[in-house]
Amino acid sequence: MKKLLSVSVCLLFTILLSAQLTTAPNGGNKKAFVGERIGITDVMINYSRPGVKGREGKIWGDLVHVGFIDQGFGTSKAAPWRAGANENTTIEFSTDVKVEGKFLAAGKYGLFIAYDAASPTVIFSKNSNSWGSYFYDAKEDALRIQVQAQMSDKSVEWLKYEFTNQTPTSATIAMMWEKLIVPFKVEVDYVPLQMETFRNELRTDKGFRWNAWNQAAGFALQNNTNLEEALIWADKSVNEPGIGEKNFQTLSTKAAILSKLNRQAEADSAMKEAMPLANMNQLHAYARQLLQQKRNKEAYEVFKKNYDKYPNQFTTNMGMVRGYSAIGNYKKSLEFAQKALPQAPDKLNKDNIEKMIVTLKEGKDVN
C-alpha cells in the first residue's frame, strides 16, 4: 500500500512539473503568423518576433552572427541564425513552388538565414521541429538560396515577414528587422496546378453539377490551355445525363472553345442554340465580345436582337449605340446615345455617354 502511494505521489509530482500555464513567450518575443495564397497555393510562416529594444546598430553582425557558428550549445557546430526568436521559424507550402527560380516541394520547413551584409543565404530545412538553430544539420537542407540584402531608411522595431510585389503567380517574402530586408521570391505554376485540381475535384461530388464542368472549361478557355480537354468538360456541362444543362452559359462556353479550335461552323451552331436562352445582360456581354473580335456586323445583329427583346432599356440602348457605331452609322448611334443619357444609373455612366456623344458628333467610332 505504501509502495502504491509512493508511486501515485511521484506520478502526481511529474504531472505538476509538466503542467505549464500559458504565459507570454520568453524574452517578450511576440508570436506571429502570416500567410497568403498565391494562385491556389497557401504559404504560411510561423515565427517569433524579437524587438530591437534600443540595440540599433548592434543587431546585424553582433546579436545576429555572420554566417555559420558554433553557438556552444546543441549538436550544431555550424549553425545559421534562426530567422526569428525562440523555436524554429517555419514556412509551409501547400503545393510545389519555386523559390528564386529553384524547385521546392510542398511541405513544412524550418527557415534559417545565414547572415551576410550583402548576400545572405536563406535555408529551407526538412527539420522544422527543433528549438532555434542549436540542432541545425546541413544534411537536412532541402534548399539553399543566396539573395541580395536591402537596406531601409526606416527602422522596424519588431521583426516581421511581409508578402510584397504580388502577382497572380508570385510574391516576394521579405524578412524585415531594424534596417535590413532579406527578400526571396516565391513562384507557383498556377495554370497547371489549377487544371490538375479541377481534374481531381470533378471526380468528387463537385462533379455532379453542370456549373463545375462549365467553370473548369471556362478557366481553360481563358488561359488558352488544354482546349481539347476543355471541350470535353464543356460538352459534359451541356449533355452529361443527370448533370448537364443547356443554358446560355454552357452553350456559349462550348461555342467559344470550338471557335478557339477553329471549328467555327460548330461554334456558330452552338451560339444559335444559346441565344434564345440568354437574358439581357448575357446577350449584351456576348455582343461586346464579338466587337472585341472585330466581328462588327454580327455584334450589331446581337445588339439589335437584344433591343427587340428588351426595348428601350439603358443596357439595350447602349447596345444600339455600340452596334450602330460599329457598322459606321454614327447618326443612328447618336440617337440611341441621347436616349440612353437620361437613363444613366450613375455619374460614371453619364460622363461616359457624354463623351460618346461628342465622339459621334465628330464622326468617330465609340468602340
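Nothing here was measured: the structure is a model prediction, and the numbers come from that model. Excluded from the calculations below are hydrogen atoms, water molecules and symmetry mates; all remaining heavy atoms, backbone and side chain alike, are included.
Side chain of Asn88 to main chain of Gly132: a donor-acceptor pair is present (N/O by atom type, distance under 3.5 Å, no hydrogens or angles). Between the side chain of Ser325 and the backbone N or O of Ser333, no donor-acceptor pair lies under 3.5 Å.
Using a 4.0 Å cut-off between charged side-chain N and carboxylate O, Asp268 and Lys272 make no salt bridge. Between Lys297 and Glu301, at least one side-chain nitrogen of the basic residue sits less than 4.0 Å from a carboxylate oxygen of the acidic one, meeting the salt-bridge criterion. Glu87 has a carboxylate O that lies under 4.0 Å from a charged side-chain N of Lys31, or vice versa, which qualifies the two as a salt bridge.
Residue pairs satisfying the ring pair (Phe, Tyr, Trp, His ring centres under 6.0 Å) criterion with at least one member in residues 339-367, sequence neighbours excluded, are absent. Applying the side-chain hydrogen bond (donor to acceptor under 3.5 Å, both in side chains) test to pairs two or more places apart or on separate chains, those with a residue in residues 209-222 are Trp210-Glu245, Asn214-Thr253. Residue pairs meeting the ring pair (Phe, Tyr, Trp, His ring centres under 6.0 Å) criterion with at least one partner in residues 346-367, sequence neighbours excluded, are absent.
Between Phe184 and Phe124, the distance from one ring center to the other falls under 6.0 angstrom.
Remark: Lys108 pairs with no residue by the side chain to side chain donor-acceptor pair (under 3.5 Å) rule, at least two apart or across chains. With sequence neighbours excluded, no residue forms a side chain to side chain donor-acceptor pair (under 3.5 Å) with Thr89. Under the salt bridge (Lys or Arg N to Asp or Glu O under 4.0 Å) criterion, Lys294 pairs with no residue, sequence neighbours left out.
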*asked:* Using salt bridge (charged side-chain N to carboxylate O under 4.0 Å, His left out), reason through Lys304 and Asp308 one step at a time and then give a plain yes or no.
replied: CA-CA 6 Å; Lys304 180 68 167 63; Asp308 291 343; 3.0 Å; yes
